[in-house]
Every structure is written in C-alpha cells, then in structure tokens.
Amino acid sequence: KVNQSLAHGLPCVVTSVAAEGMALQHRIDALIADSAEEFAAHVIELYRDKALWEAVSAGGLQNVRGYFSFEAARRALDEMFQSIDYEIAALDTAA
C-alpha cells in the first residue's frame with residue numbers, strides 16, 4: 001500500500017520498519033515515525049507545509065521508480081542473468 005501511494009505521488013508517513021524494507025529516508029522520500037504522537041505530528045506537518053509535501057512527494061516517486069518499477073525489476077533480472085552467465089562461463093573454463 002505504501003508503494004502504491006508513493007507511486008501516485010502521495011507523500012507517506014511510515015514506521016521505521018516500513019522505511020527500512022523500502023529504502024526510504026526521513027524527509028527525503030517519506031516521513032518516519034514510530035509513536036502515535038510522532039505519526040500524527042508528521043501527518044499534520046505534511047498537510048500544513050506545501051513545500052515539504054511536494055519534496056516528499058517527488059522523493060517518493062523517485063524511490064518507487066528506482067527500486068520498484070518495471071525498469072528496476074528488469075535491471076535486477078539482467079544483473080542476475082549476467083551473473084549466472086559469468087558463473088557458467090567460469091565453470092566451462094575450469095573444466
């Protein structure tokens with residue numbers, strides 16, 4: 001759900017556990033809070049600060065494109081297959 005929100009340009013307040021799993025950085029591509037009070041304060045801050053809203057929105061979009069887009073998946077698969085090809089070539093050379 002966080003990925004979908006970020007992909008639509010909606011800035012998010014997330015827990016540190018969610019941020020870690022998605023490589024999110026505080027005030028760059030999301031706001032991070034672990035207590036209910038901090039979470040609420042960040043939601044209000046985003047609502048009131050247009051510049052922060054826009055910056056975190058842009059950062060979230062960039063995060064999704066960099067880590068979770070089809071292009072990012074394609075790059076990861078290409079790297080994996082190139083690694084496998086390298087390992088197979090090394091085995092053929094050793095034999």
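Hydrophobic clustering, with ILVMFWY side chains joined whenever heavy atoms are under 4.5 angstrom apart, keeps Leu6 apart from Leu46. Val43 and Leu10 fall within the same hydrophobic cluster, defined by Ile, Leu, Val, Met, Phe, Trp and Tyr side-chain heavy atoms under 4.5 Å apart, directly or through other members.
Heavy-atom contacts from other residues, nucleotides or ligands closer than 6.0 Å to CD of Glu71 number more than 12. Other residues, nucleotides and ligands contribute over 12 non-hydrogen atoms within 6.0 Å of the CD atom of Glu45. Atom CD of Gln62 sits in a sparse spot, with 12 or fewer heavy atoms from other residues, nucleotides or ligands closer than 6.0 Å.
In this structure, Val56 and Cys12 approach most closely via the heavy-atom pair CG1-N, 4.5 Å. Ser57 approaches Pro11 most closely through the heavy-atom pair N-CB, 4.0 Å.
For residues 22-80, every residue pair satisfying the ring pair (Phe, Tyr, Trp, His ring centres under 6.0 Å) rule, not counting sequence neighbours, is listed here: His26-His42.
Contact annotation: the side chain of Asp29 never approaches that of Met22 to less than 4.5 Å [non-hydrogen atoms, C-beta and beyond]. Proximity of Val14 to Ile32: side-chain heavy atoms (C-beta onward) are separated by under 4.5 Å at one or more points. Side-chain contact between Arg27 and Leu52 is present, with heavy atoms from C-beta onward closer than 4.5 Å.
In this structure, the separation between CG on Asn63 and CG on Leu24 is 5.0 Å, given to the nearest 0.5 Å. Atom CD in Gln82 sits 11.0 Å away from atom CG in Leu77 (nearest 0.5 Å).
Judged purely by atom type and a 3.5 angstrom limit, Ser5 uses its side chain to pair as donor or acceptor with the backbone of Lys1.
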